[in-house]
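Dumping the structure here so I can ask a few things about it.
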Amino acid sequence: MNGNNHDSRGDLNVVFDFCDVLLNWDPKSGTYDLLAGEFGVDAWRDFYDEDAPYGMWHYDGLLDIGLDPAEAAADYRAHHRGEDCERMFDVYYAHREQAFRGMITGMDTLLNDLARRGVPVWGLTNFTQDAVDYATAKYPSLRLLRDVVVSSTERLKKPDHRIYELAAERFGIDPGRSVFIDDKMWNVRGAKESGFRSFVFTNALDARAQLAQFGAFTR
């Protein structure tokens with residue numbers, strides 16, 4: 001996917017976040033049988049505790065800005081040396097495809113409908129490049145995205161204004177003629193501050209209605 005040779009500045013463009021907008025990415029539920037079965041329910045729960053200083057979400061955030069997975073695993077082991085859960089991050093990462101629970105209901109249809117009408121669709125995500133590559137291979141409708149800016153590759157994360165500006169430049173789009181969709185208010189706010197029209201995603205039906213207000217289905 002590469003939008004460098006496409007000038008969409010005169011078009012309405014739609015830019016999608018990935019997780020909880022296009023994808024149901026749920027590592028906690030997806031790895032329950034695996035991790036709770038090997039390490040116990042309490043260890044699984046602690047691993048996904050959002051307040052744990054060296055739990056899964058701590059490292060997930062670092063991976064999203066480009067930390068090497070081997071370094072993340074080594075740091076996790078160092079902070080859990082001698083504990084029963086010492087290898088948990090290694091096991092999680094080796095089976096991370098279990099976090100992918102399908103596309104969000106209705107979003108494959110929405111992507112296809114937009115593409116069929118000639119509306120350029122793009123991706124802007126706080127995610128790892130390998131995860132984006134895996135999802136794109138697994139879910140064919142994601143291949144309709146003309147290009148995707150990925151935080152781990154750029155070492156920038158939403159809501160940093162620089163990543164929105166980078167996306168607009170790379171895609172060749174005018175933010176004022178573009179709609180960015182994200183499930184997190186702070187990322188929507190960052191997009192608006194960077195000149196995009198934007199709204200918070202709740203479900204595919206609502207997204208379709210809001211995009212209709214921007215003229216996405218008038219072609």
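Below, each value reflects all heavy atoms present in this structure, side chains not excepted, and no hydrogens, waters or symmetry copies. Only a predicted model underlies this, so the values are computations on that prediction, with no experimental measurement involved.
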Salt bridge (Lys or Arg N to Asp or Glu O under 4.0 Å) assessment of Asp160 paired with Lys157: CA-CA 6 Å; Asp160 188 322; Lys157 287 179 68 174; over 6 Å; no
Note, Asn13 side chain near Asp174 side chain (heavy atom, < 4.5 Å): no
Geometric class of the Phe100/Trp25 ring pair [parallel <30°, tilted 30-60°, perpendicular >60°]: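 If you compare the ring of Trp25 with that of Phe100, the planes turn out perpendicular.
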Least distance between heavy atoms, Pro175 atom then Ser194 atom: CB-O, 4.0 Å
Full working for side chain to side chain contact (heavy atoms under 4.5 Å, CB included) between Met107 and Leu23: CA-CA 8 Å; Met107 292 306 288; Leu23 288 177; over 6 Å; no
Atom of Met185, atom of Val200 and distance for their closest heavy-atom approach: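 That closest heavy-atom pairing would be CE-CG2, 3.6 Å.
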Flag for Thr109-Asn112: side-chain donor and acceptor within less than 3.5 Å: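 No, no side-chain donor-acceptor contact under 3.5 Å.
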Hphob cluster co-occupancy, Phe217 + Val14, side-chain heavy atoms under 4.5 angstrom: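 As far as the 4.5 Å side-chain criterion goes, Val14 and Phe217 are connected within one cluster.
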Atom pair NE2 (His161) and CD (Glu165), whose distance is rounded to the nearest 0.5 Å: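 Here the interatomic distance stands at 8.0 Å.
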Tyr48 OH: over 12 foreign heavy atoms closer than 6.0 Å: yes
Worked check of side chain to side chain contact (heavy atoms under 4.5 Å, CB included) between Tyr134 and Thr128: CA-CA 10 Å; Tyr134 176 84; Thr128 59; over 6 Å; no
Gap separating the CG atom of Leu156 from the CG atom of Leu166, nearest 0.5 angstrom: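 Answer rounded to 0.5 Å: 7.0 Å.
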Side-chain heavy atoms of Phe199 within contact of Ile181, under 4.5 Å: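 A side-chain contact exists here, since the closest heavy-atom pair is under 4.5 Å.
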Side chain to side chain contact (heavy atoms under 4.5 Å, CB included) evaluation trace for Leu63 with His58: CA-CA 9 Å; Leu63 290 171; His58 167 73; over 6 Å; no
Derivation of the side chain to side chain contact (heavy atoms under 4.5 Å, CB included) call for Asp182 and Val15: CA-CA 9 Å; Asp182 198 290; Val15 184; over 6 Å; no
Aromatic plane relationship, Tyr164 with Phe196 - under 30° parallel, 30 to 60° tilted, over 60° perpendicular: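 Phe196 vs Tyr164 ring planes: tilted.
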For Phe214 against Leu12, the heavy-atom pair lying closest together: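 The answer is O-CD2, 3.6 Å.
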Note, Met103 side chain near Ser141 side chain (heavy atom, < 4.5 Å):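 Yes, side chains in contact.
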Side-chain donor-acceptor contact under 3.5 Å, Asp75 with Tyr59: yes
Phe39 ring center near Trp44 ring center (under 6.0 Å):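 Ring centres of Trp44 and Phe39 not closer than 6.0 Å.
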Distance-minimising heavy-atom pair for Asp113 and Arg208: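 Reported closest heavy-atom pair: OD2-NH2, 2.8 Å.
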Within one Ile-Leu-Val-Met-Phe-Trp-Tyr cluster: Leu111 and Leu205, side-chain cutoff 4.5 Å: no
Shortest non-hydrogen contact from Leu124 toward Lys158: O-NZ, 3.1 Å
Minimum heavy-atom distance between Ala72 and Leu67, given as atom pair plus value: CB-CD2, 3.7 Å
From Gln129 atom CD to Ser151 atom OG, the distance as rounded to the nearest 0.5 Å: 9.5 Å
With Leu22, the side-chain contact (heavy atoms from CB on, under 4.5 Å) member among Asp17, Ile104, Leu142: Leu142
Test item: Pro27 and Met56 side chains (from C-beta on) under 4.5 Å apart, heavy atoms: yes
Asp84 CG: over 12 foreign heavy atoms closer than 6.0 Å: no
Residue pair Glu38 / Arg87, side-chain heavy-atom distance below 4.5 Å: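 They are in contact (side-chain heavy atoms under 4.5 Å apart), so the answer is yes.
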Contact check, side chains of Ser152 and Phe127, non-hydrogen atoms, under 4.5 Å: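 Not touching, per the 4.5 Å side-chain cut-off.
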From Tyr54 atom OH to His80 atom NE2, the distance as rounded to the nearest 0.5 Å: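 The OH atom of Tyr54 sits 9.0 Å away from the NE2 atom of His80.
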Validation row: Asp90, Arg77 side chains within 4.5 angstrom (heavy atoms): yes
Student check: side-chain heavy atoms of Asp147 and Arg170 closer than 4.5 Å: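 A side-chain contact exists here, since the closest heavy-atom pair is under 4.5 Å.
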From CG (Asp46) to CG (Leu35), nearest 0.5 Å: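 Atom-to-atom, Asp46:CG and Leu35:CG are 12.0 Å apart.
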Centroid-centroid under 6.0 Å between Tyr76 and Phe47 rings: yes
Between OG1 on residue Thr136 and CG on residue Leu144, distance to nearest 0.5 Å: 10.5 Å
